[in-house]
Amino acid sequence: ALCAVGVMVLLTMLSVPKSLTGDEALTVTLAGESFSVMLDNLSKDIHMPGYYTLLWMWMKVFGNSLASLRVFAFIPVGALVFLGSRRLGKWSFLLLGTSPFLLHLAGEIRMYGLLALLGYLVYNSLKRYADAPSRGRYGLLAIWSALSVWTHVFAWPFVAGASLFLFWKKKWQPAVLLPVLCLIALTPAIPGLLRQVVSFAPAAGDSSHGLAEGAPVTARIAGMPFSIAGTLLRFSAGNAVFSFNLFSLGGFSFQSAAGFLLFFAVMASVMQGVRKTPPAAWFLMACVFLPLSFLRPSARHFAMTYSVFAAMAARGMDSGKLSKALRTLVPILSILVCLPFTARTTMPQRCTFDRDFREAAESAGQMALNHDIPLVIYLDNYSTMGVIYHLSDEGYGETNVWHPYQSQFSQGNYFFLNPEESLSFLMENTDSLIQTWGGDIILLANDPEVSRGPLYGTTNRIIGRGSDVMADLDLRESLEENYSLEKIPLEYSEGPFSLFLVRSH
C-alpha cells in the first residue's frame, strides 16, 4: 500500500504546475470568496457545498497557490490508493498506484477525487455490514453515504444501489433508513436545491438563439452504450490519451495505442474477476452506470464506482489463465500511459481543445507590462476566471484587465441562471464595444478563423458549438478594419483560444 501511494505521489508531483481548467478556476474562485457568497453562488448551481466547504477551509489555512491546491486535490486520492491497496484485493496496488484515471483525479481541483474515496468507503462499509451486521458498521455506512450526497448530487444513484442491495439481502429496515438518513443530513441544503429547481426551469417567453442546445432524449438513449464503454475505457486508461479526434488518423498516437492495450488488459482482468466479486458491487455498478450514462456521460461523474471496478480487476489478476501476464502487463502499460500525462502543461479538459491559461496569462501579462497597454479577455466566464487566477499567480495581478463580467464578478456573482445569458457578450455591437476598449490592447479571445461549428445569426455572427470555442466573427472583422492584428503563438494551447496584439493603424 505504501509503495502504491509512493508511485502515485511521484507521478502527481509532476502535475503540480499544470494550468487550471475552466471548471477548476470556478471551484477555486468560489472557495476564495466569503463563505456566505460561496454558498449563495452554489445555490444557483447543481453542485453540493461539501467539497467547496473543505476547500474553503484549506485555503484559509494554506493559501491558494497552485501547489497548495494540487496537494489538497491529492489527499483523498492518496487515501483511496492506500486503503484500496489493502482492502480491494491482493493485486489492487498494481492498479491503484499506477492508475491513469486516478492520476487525473489526484491533480484535478474538483470534487471527483473525494467522490472516488467516498465510493470506496461506502462500498467497503456495505460489504462489512452485509457480512456481519452491527450498529457500528451501519453507522459508518450511513455517515459515508451522507457525506457523499453532500459532495455531489450524482452520489444518489450509488446510495440507491446500496439500499437496493440491502433489500436484496432482506434487511428491510436498514434499506429504507439509509436514504432517509441521507435526506435528513441534507436538510440544510434543501432551500438551495429548491432554488436550483426554480432557476433552471425555462422562463415564460424565453427566446433562445440556439447557442446552448441540449441533446434530445432519443440521442441520449442511443448514446448510453457508448457512454458506458467510454467510461470503462477511461477507468482503464484515463483521459489524457484520448481526444475528440481520436478516431481519425490525425488523432492516433503511440499513447492512444498504449491506452487501448491497457483498456483490453484491464477489461480482461475484470472479466476474470466478475464471478469472484461480491454481489454488492453489481448493485452499485448498475445503479450508477444506467442513469448517469443517460444524464451526464462523463467518466469522472462515475468516480464513485471506480473502487468497485478496481476490485473486479484485482480479483481477476489473482486467478485465471491470464493472471500472471496481466499482473505484469497492466502496471507497465499504465506507466507508459501516465508518463505522457505528467509531461503535459494542461489537465485533460472537457472542452474540445486543450487551453493553457497559465501560458496565456504569463504571455499576456508580460506583453501588457512591456507595452503599457490593457488586457482584454473576451472569453466565457469559466475561462475568464482561469486567466485571472493565473495572472495573479504569475505576478501580474496589477495588470489593467477588461472582461465582459466585470460588474457581475465585482458583486460576487459567478453563475448565470440561463446558458444563453452567459454568452450574451457575443451579441454586443462590436463597433461600440471596441471603442470602449480605447487604443492598443492585448486581446485574449477565440479566433473565428480556427473555430469549428455552424455560423449563428446574420447581425451578430458567431461561429462554433460550445461556450468554450465560440468566436465572434464581427469582432475579428471590426478589428481588422481599424487596427492591425498580430497573433501571438501559444505553444500549449489548441484550437480557437488565441492571443493577439492589437495596434492602431
Side-chain angles (χ1 to χ4, degrees), residues 1-2 4-5 48 50-51 53-54 75-93 95-96 111 113-189 273-289 302-315 318:
L2 290 174
V5 174
M48 302 302 295
Y51 180 82
T53 300
L54 294 175
I75 291 173
V77 175
L80 170 59
V81 172
F82 179 77
L83 296 172
S85 294
R86 299 176 64 240
R87 299 286 186 183
L88 292 179
K90 183 177 178 181
W91 302 101
S92 58
F93 73 96
L95 284 159
L96 300 176
M111 66 285 301
L114 177 59
L115 205 61
L117 172 62
L118 289 169
Y120 162 78
L121 293 172
V122 172
Y123 173 53
N124 189 57
S125 299
L126 182 63
K127 284 194 308 173
R128 296 184 67 200
Y129 176 74
D131 293 338
S134 69
R135 289 184 179 181
R137 290 181 173 181
Y138 186 78
L140 285 176
L141 173 62
I143 289 172
W144 302 135
S145 299
L147 289 176
S148 68
V149 298
W150 263 101
T151 301
H152 202 291
V153 68
F154 285 167
W156 278 107
F158 204 78
V159 174
S163 183
L164 286 175
F165 172 73
L166 293 175
F167 268 116
W168 181 73
K169 296 287 287 186
K170 298 182 180 180
K171 300 181 185 300
W172 316 113
Q173 187 175 355
V176 173
L177 191 59
L178 185 62
V180 171
L181 290 174
C182 289
L183 280 172
I184 293 173
L186 212 59
T187 301
V274 160
R275 294 182 180 179
K276 295 187 176 183
T277 304
W282 288 105
F283 281 87
L284 297 174
M285 289 284 278
C287 286
V288 172
F289 271 66
F302 297 74
M304 283 198 78
T305 59
Y306 183 78
S307 57
V308 178
F309 177 82
M312 292 180 178
R315 290 175 183 273
D318 196 25

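Scope of the values below: all heavy atoms of this structure, side chains included, with no hydrogens, waters or symmetry mates. Each residue takes its place number in the sequence, starting with 1.
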Dump the intermediate steps for side-chain contact (heavy atoms from CB on, under 4.5 Å) on Val176 and Phe167, then the final yes or no.
CA-CA 8 Å; Val176 173; Phe167 268 116; 3.6 Å; yes

Dump the intermediate steps for side-chain contact (heavy atoms from CB on, under 4.5 Å) on Tyr120 and Leu88, then the final yes or no.
CA-CA 9 Å; Tyr120 162 78; Leu88 292 179; 3.9 Å; yes

For Thr151 and Leu54, run side-chain contact (heavy atoms from CB on, under 4.5 Å): C-alpha distance rounded to whole Å, both residues' side-chain angles, the deciding distance at 0.1 Å, then the answer.
CA-CA 10 Å; Thr151 301; Leu54 294 175; over 6 Å; no

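Here the shortest heavy-atom pairing between Ala4 and Ser85 reads CB-OG, 3.6 Å. Closest approach of Ala142 to Leu178, counting heavy atoms only: CA-CD1, 3.8 Å. The two residues Trp150 and Ala185 make their nearest non-hydrogen contact at NE1-O, 2.8 Å.
No more than 12 heavy atoms of other residues, nucleotides or ligands lie within 6.0 Å of CH2 in Trp144, so this atom counts as exposed by the packing criterion.
Separating the OG atom in Ser92 from the CZ atom in Arg87 is a distance of 11.0 Å, to the nearest 0.5 Å. The distance from atom CD1 of Ile143 to atom CG of Leu118, rounded to the nearest 0.5 Å, is 12.0 Å. Atom CE of Met304 is separated from atom NE2 of His152 by 11.0 Å, given to the nearest 0.5 angstrom. The distance from the CZ atom of Arg128 to the OH atom of Tyr123 is 13.5 Å, given to the nearest 0.5 Å. The distance from the CG atom of Leu96 to the CZ atom of Arg86 is 13.0 Å, given to the nearest 0.5 Å.
Taking Tyr129 as the reference, Tyr138 meet the ring pair (Phe, Tyr, Trp, His ring centres under 6.0 Å) condition, with sequence neighbours excluded.
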